[in-house]
Amino acid sequence: MSTNEHENMYAISGAFYRPGSFLMLRKLFALLIACTLSTNVFAWQAASPTEKNGPDTTAKKDSSNHQVVQRGVQKYLESQFDAASSLTQITIEVADIDERIRIPDCAAGFAYYADEQALGQSYISVRVSCNNNQWYLFANAKVLRTQPVVVTASMISPGTVLGADNLSVAQVETNQLRHTAYHSVEALLGARMKHRVRRGQPIQANMLCFICKGDRITIRAQVGGMQVKTSGIAQQDGVIGETIKVTNSSSRKTVVAEVAGTDEVIVRL
C-alpha cells in the first residue's frame with residue numbers, strides 16, 4: 001500500500017476512531033463492567049438463606065415448642081416442690097433451650113421426669129420426651145432455696161450475749177447452712193457467742209451456747225409429778241434441747257441433763 005493510500009485510510013478511520021475517542025470508550029467500557037460486577041456481588045450478599053433455599057417453615061414452630069417445653073419444665077418442678085417446708089422459698093430458673101435444636105410437635109403432650117435425688121440439687125436436668133416417638137432432650141434448671149434465718153446485725157465478739165440489737169432476719173440459701181439455724185430472734189435471746197462472727201452471718205447452733213461450760217445453773221429433777229431443784233455447774237456447752245453433763249454442787253455427782261434455758265437444765269428420772 002502506498003503512503004498516500006495509508007494516509008487516506010487513516011484519515012477515514014480516524015473520523016470514527018480517533019486516538020482520544022478510543023481511550024475514552026475503553027474507560028467507559030471498563031466502568032460499565034465494574035458497575036455490573038459490584039451490583040451482582042451486592043445482590044448475592046443481600047440474599048438471605050430463605051431466598052436461596054426457600055421459605056423457612058420450621059423456625060416459628062420450633063420457637064413455639066421451645067417455649068412450651070420451658071414452661072412445662074417450670075410447672076413440673078414447681079409441682080415437685082409443693083410439699084417443701086412452708087419456711088422454704090423456692091425460685092426456679094429454667095435455662096433457654098438452644099434454638100438450633102428442633103423440637104417436634106407432640107399431640108399427646110410432653111412428659112417430664114427428674115430423678116428424686118437430682119431434685120435435691122441446685123442444678124437439675126429434666127428429661128423431656130414425647131410418647132408418640134423416640135424423641136427426647138434434657139432441659140436444665142437452677143433451683144434456689146432460701147429460708148428466713150437469724151443473722152448477725154453487726155460484728156460480734158466471743159462471749160457477747162445475743163439480743164434484739166445485734167440480730168436480724170434475712171433470706172439465706174439453705175445450702176449454706178450446715179448446722180441447726182434459727183428462724184426467730186426471740187429464740188436466741190440470752191445465748192452467748194463462742195466465736196467472733198462477722199456481720200450478716202447466719203446464726204447456727206455450733207456458734208453459741210445457751211449454757212456454757214463452767215456456768216452456775218439450776219438442776220431441776222422431775223420424778224412423776226414431783227420436782228426437786230438444786231444448784232450445779234455445767235461441764236459442757238449446750239443449746240436448748242441438747243443434753244450435757246452437769247455436776248450437782250451438793251452431792252458432787254455428775255449427771256446428764258437437758259438444756260431448758262440460759263440457766264436451767266432438766267434431769268428426767
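Quick note: numbers below take in every heavy atom, side chains included, and nothing from hydrogens, waters or symmetry partners. Keep in mind it's a predicted model, so treat the numbers as computed, not measured.
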Which atom names give the shortest non-hydrogen contact between [X] and [Y], and what distance separates them?
{"X": "G238", "Y": "E242", "answer": "CA-OE1, 3.4 Å"}
{"X": "I97", "Y": "H66", "answer": "O-CD2, 3.4 Å"}
{"X": "V161", "Y": "N166", "answer": "O-ND2, 3.4 Å"}
{"X": "A139", "Y": "V73", "answer": "CB-CG2, 3.8 Å"}
{"X": "I244", "Y": "A234", "answer": "CD1-CB, 4.3 Å"}
{"X": "P104", "Y": "F110", "answer": "O-CZ, 3.4 Å"}

Compare all side-chain heavy atoms of [X] with those of [Y] and state whether any distance is below 4.5 angstrom.
{"X": "V143", "Y": "S122", "result": "no"}
{"X": "D115", "Y": "I124", "result": "no"}
{"X": "V223", "Y": "V228", "result": "no"}
{"X": "V239", "Y": "Y182", "result": "yes"}
{"X": "L162", "Y": "I156", "result": "yes"}
{"X": "I90", "Y": "T88", "result": "yes"}

Please list, chain by chain and in numerical order, all residues satisfying ring pair (Phe, Tyr, Trp, His ring centres under 6.0 Å) with Y112, sequence neighbours excluded.
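For Y112, no residue satisfies ring pair (Phe, Tyr, Trp, His ring centres under 6.0 Å) once neighbours in sequence are set aside.
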
Output the distance between atom [atom1] ([X]) and atom [atom2] ([Y]), rounded to the nearest 0.5 Å.
{"X": "I217", "Y": "S231", "atom1": "CD1", "atom2": "OG", "result": "9.0 Å"}
{"X": "C106", "Y": "N65", "atom1": "SG", "atom2": "CG", "result": "9.0 Å"}
{"X": "T91", "Y": "F81", "atom1": "OG1", "atom2": "CZ", "result": "11.0 Å"}
{"X": "L77", "Y": "E93", "atom1": "CG", "atom2": "CD", "result": "12.0 Å"}
{"X": "D96", "Y": "Q70", "atom1": "CG", "atom2": "CD", "result": "5.0 Å"}
{"X": "I103", "Y": "C130", "atom1": "CD1", "atom2": "SG", "result": "11.0 Å"}

Using a 4.5 Å cut-off between side-chain heavy atoms of Ile, Leu, Val, Met, Phe, Trp and Tyr, which other residues end up in the same hydrophobic cluster as F138?
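For the cluster that includes F138, the remaining residues are Y136.
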
Output the rest of the hydrophobic cluster of V149: all Ile, Leu, Val, Met, Phe, Trp and Tyr residues reachable through side-chain heavy-atom contacts under 4.5 Å, sorted by chain and number.
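Listed partners: V151, V172, L177.
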
Stepwise, does the side chain to side chain contact (heavy atoms under 4.5 Å, CB included) test hold for E173 with L144?
CA-CA 7 Å; E173 290 187 49; L144 182 66; 3.2 Å; yes

Exceeds 12 heavy-atom contacts within 6.0 angstrom, atom CD of E116:
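Result for CD/E116: open.
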
Does atom CZ (R127) have a neighbourhood of more than 12 heavy atoms from anything else shown, all under 6.0 Å?
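More than 12 within 6.0 Å, yes.
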
Would you be so kind as to tabulate the donor-acceptor pairs closer than 3.5 Å made by side chains of residues 189-215, with sequence neighbours excluded?
unit_1	atom_1	unit_2	atom_2	d
R192	NH2	D215	OD1	3.4
R192	NH2	D215	OD2	2.2
R196	NH1	S157	OG	3.3
R198	NH1	Q201	OE1	3.3
R198	NH2	Q201	OE1	3.1
R199	NE	A153	O	3.4
Q204	OE1	R178	N	2.9
Q204	OE1	H179	N	2.8
D215	OD2	C212	N	2.8

Within the distance-only criterion (no hydrogens, no angle test), does the side chain of Y113 pair as donor or acceptor with the backbone N or O of S129 below 3.5 angstrom?
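It does not hold such a pair.
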
With a 3.5 Å cut-off and no angle check, do the side chains of E78 and Q74 form a donor-acceptor pair?
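There is such a pair between these side chains.
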
Using residues 260-269 as the side-chain source, report each donor-acceptor pair under 3.5 Å to any protein atom, sequence neighbours left out, with the distance given to one decimal.
unit_1	atom_1	unit_2	atom_2	d
E264	OE1	R220	NH2	3.4
E264	OE2	R220	NE	3.1
R268	NH1	Q222	OE1	3.2

Would V255 and V246 satisfy side chain to side chain contact (heavy atoms under 4.5 Å, CB included), going step by step from the backbone distance to the final call?
CA-CA 6 Å; V255 295; V246 297; 3.6 Å; yes

Holding to side-chain hydrogen bond (donor to acceptor under 3.5 Å, both in side chains), I want the full list of residues that pass it with S154, two or more places apart in sequence or in another chain.
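Checked S154 against side-chain hydrogen bond (donor to acceptor under 3.5 Å, both in side chains); zero matches.
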
Transitively linked via ILVMFWY side-chain contacts under 4.5 Å: V94 with V68?
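Cluster IDs for V94 and V68 match.
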
